[in-house]
Amino acid sequence: MSEPAKAYEPAAVEDRLYARWIESGVFHANPSSSKPAYAIVIPPPNVTGVLTLGHVLNNTIQDILARRARMMGFETLWLPGTDHAGIATQTVVERTLRKERRQTRHDVGREEFLRLVWEWKEKHGGIIITQLRKLGCSCDWERERFTMDDAYARRVQEVFVDLYEKGLIYRGKRMVNWCPVSRTALSDEEVIPKPQKGFLYYFRVEVVEKPGTWLEIATTRPETIMGDTAVAVNPRDPRYSALIGCHVLRPLPQEERAPLPIIGDEAVDFEFGTGVLKVTPAHDKADYEIGLRHHLPIVEIMNPDGTLNEQAGEGFAGLDRLEARVEAVEQLRSLGALTREEPYENNVGFSERADVPIEPRLSEQWFLKYPRVEEARAAVRDGRIRFFPSRWEKVFDHWMENIQDWCISRQLWWGHRIPVWHHASTGGMRCQIASPGPGWEQDPDVLDTWFSSWLWAHETMDVPTRQKFYPTSALVTGPDIIFFWVARMIMAGLEYQGEVPFREVVFTGIIRDKQGRKMSKSLGNSPDPLDLISKYGADGLRFGLLRIAPQGQDIRFDEHQIVEGRNFCNKLWNACRFRQMHGNPNASARPTNHVLPLFCADILARLDDTIRKIDAGYAGQRFSEIAQVLYNFVWGDFCDRFIEAVKPDFSGQESLRQAAVFATMDYVLSRILRLMHPFTPFITEELWLNLGFGNESIQNADWPEPGCHAPAPEAETAFQSVAAARTARSAYSIPSNQRLPWVLVGAPPWVAAEAAALASLLNAKELTLSDQPPGGLAAVVPTAIGTFHLPLEGIVDVAAESARLESEIRKAEAEVVKARAKLAQPAFVNHAPAEVVAEHRAREVAWGERVQALQTARDALQSQPVP
RNA sequence: GCGCGAUUAGCUCAGCGGUAGAGCGCCUGCUUCACACGCAGGAAGUCGCAGGUUCGAACCCUGCAUCGCGCACCA
């Protein structure tokens, strides 16, 4: 057998194994399987997207769940795909069109534009999918879906028609959030409030009926004055109530200074500003409501792109809204109407995609009254759906409680076109998928992308697949889309399948940089996961990231953590390499058929314990905890302790003991590989096959179950005693590679069998067990397994050892005092549980014995002749 | 304004009622025949602050502070 490489080289392994997995079809889910089902649908990334660290975290968790489910004997489906990302994709293609052809989408026309989008999608849309493969994701690629697939798109339209017929979808002229860059309506969820530093402008207007009486009005948006159709005050405000019914002259536009009524409306807060509110029904949500109550005219002064129109007057038409603000302030100033400007910070709604202030705008849109709201709330409240961490349940419920109708129409071309037809001449309207015939034109708008992805959990599946795999088992996503997607999917699932779409929702945290900032393209603080994969391997990236990702908590990313992941993989690689250097493992090793040496019994018991901890971690979706448990077991228990302790057996003569050690090692290793596999799929598969644990993929191996190996507490005692001896050695600056003859005095009988192991752990030249302290100058280390004597002739002087012992005595005495103090409190002894009291008693005794032993050693030392 | 989260070693984080932990970083020694992507040892913390409950609090309760997030308000 050729010796394996000294270090794990992921690049040499990953692509080869992934190709093998695909070829063998291990990721393909069979709906007619008799095994129980486990299913995950991927949160579809944008087809325009590239892999981010957020995706790595999210998809690694899904892969972990899927791979473990397969090993646990579930027929497992991880269904992948992408969504069409209406605005994002359309914007990308429009940009290309502008750059390459200096054309807009209107120049090429709807049909040609959509052809170009599809062309773009075919060419560039698959990037993120390829990247997921690099990560090792075990998706069923034969079932990859896209929200614009024919069958899927048809279902989206059918759902629209259905909801329309149920009276839940309606068209209406409403105030909506308008994005002037994308020139489309947005849902409330797509508006992000951002604090903006601006000014509160105060201007005055004269009351027409009472010349000489002026009203002062405060506004942040003087550019909308031209659209004002009233001035409102609170009717209970004594300062102004008498003026209700009078008029003021609107100052702008100057060529048309219309008289505006002063109206009384309870919505006016008389604490704010001057208590006088200008009312712009066409450009403000609250003002629109006031306008409805008072039958005010609606004057639209803005174009869809955010520039002002002719209604705004000559001086303003064509100006952008922000330029218009400057102009309006200038004009007010020159009119002498501007009384003051105060710096002011307020929240302005920004478009999530385009990152510009949205404009409240009156327009004809399609709205959905959500179905199954109460049922969805109940499903989460009753635990039919569980959130991890559970605190998100409250956030979900609060949103559901205050849910508003959803604006689902978008003024875009790329997306699912609304299945509504308008008759050109009669003005008739029909909601159906096919054209009703000549003279009918389809509604030009498309649906919100989320209106298609809310069906993702069931409409990505064909009928047999759905029968087997719906409802899905888990959804892994970010809490930022709890409203956009999670809540809506629950409602859609209940409406169209009569059952919740998933049982568990795992919310991940957000990955931030070392300074705690969100990763973003503009900051350039977002490392490319593919670079990280090529530097550290996919497994190193996955493990390193997962180890620092506590459940639902934000993560401060540090590349060092990925280095750690890589190092850990290498550690595992070398533990296996060490085994291989001593021949082939036995795949079906059964250590319980042997008489087990202490350290074998110990590692087996620790393995059981580790498996239990890991299973408990999975039950609570605590992946970083699982990673940590694996790390501690593999590196600490298995490599640093077990392997180091049994090394003498490896190189020694063939014996029953050696056979037991090999059997134990093979048994544990084969379970380590399986337990690690969901986190680090490539290296574990490679080792699984190389070591001959199986001929086929580790994915087909059984998930390990804890055995019932009895704990061997003497092992822990031995390790701690060895550690104490090593510390003493270090205290004399004796290099760890200097092999010295150690003597252990007064060891219990069981130690004899493990003397070679202890010698190995100490890197001793030899370890002699004795009843009597050896003569001569020695460092003396009392431990729970006896007193170690390290000959120091010619190495160190009496004074140094004496000082060391004194310091040890003081430490031990302090512990005795601590324990005694506690036990001296009657309150403690009377109230604390018996076992806690007993523990303190034992502590007192143990430290007391240590003090004794150390004192004896010190006395013996001081009676030594000085060399 | 309401709600949620965070605050523990220089850094990143565990611990959530019974002797303060891990990894990294740092210091010391070591190319000991699996691994320097490593081995051995070490230093390092009034567990944000103030009260309270308890025999006992990093942990439970109350209040406060700082940072972050969400909702509401936003003339």
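Sequence lines set the chain letters: A, B, ... in the order given, protein chains first and strands last, and positions in each chain run from 1.
- Across all strands, A:Val268 comes closer than 4.0 Å to base atoms (heavy-atom distances).
- Listed by residue number, A:Gln825, A:Ala827, A:Phe828, A:His831, A:Ala832, A:Pro833 are the residues of residues 821-835 of chain A with a heavy-atom contact under 4.0 Å to RNA chain B.
- Evaluation of the salt bridge (Lys or Arg N to Asp or Glu O under 4.0 Å) rule for A:Glu813 yields no partner, not counting sequence neighbours.
- The base of B:C35 sits with one of its N or O atoms less than 3.5 Å from a complementary donor or acceptor on the side chain of A:Lys571.
- If you check every strand for non-hydrogen atoms under 4.0 Å, A:Arg579 touches nothing.
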- Note on the structure: Taking Watson-Crick and G-U wobble contacts under 3.5 angstrom, with | marking pairs to another strand and [ ] crossing pairs, the secondary structure of RNA chain B is written ((((((((.[[[[.)..(..]]]].(((((.......))))).....[[[[[..)....]]]]])))))))....
- Task: Any chance you could list the contact pattern along nucleotides 40-47 of chain B? Use B for base contacts, S for sugar-phosphate-only contacts and - for none, protein heavy atoms under 4.0 Å, 5' to 3'.
- Result: SSS-----
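- In this structure, A:Glu352 has no salt bridge (Lys or Arg N to Asp or Glu O under 4.0 Å) partners at least two apart in sequence or on a different chain.
- In this view, A:Asp480 satisfies the salt bridge (Lys or Arg N to Asp or Glu O under 4.0 Å) rule with no residue, not counting sequence neighbours.
- In terms of the side chain to side chain contact (heavy atoms under 4.5 Å, CB included) criterion, residue partners of A:Ala337 (sequence neighbours excluded) are, by chain and number, A:Leu332, A:Leu335.
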Atom pairs under 3.5 Å: protein N/O with N/O of nucleotides 68-70 of chain B:
none

Hey, what are the protein-to-nucleotides 25-27 of chain B N/O distances that come in under 3.5 Å?
none

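- Checked against salt bridge (Lys or Arg N to Asp or Glu O under 4.0 Å), A:Asp188 has the following partners two or more places apart in sequence or in another chain: A:Lys285.
- Judged as a side-chain hydrogen bond (donor to acceptor under 3.5 Å, both in side chains), and not counting sequence neighbours, the contacts of A:Arg739 are A:Asn763.
- A:Lys194 pairs by the side chain to side chain contact (heavy atoms under 4.5 Å, CB included) definition with A:Gln196, A:Phe350, A:Asp355, not counting sequence neighbours.
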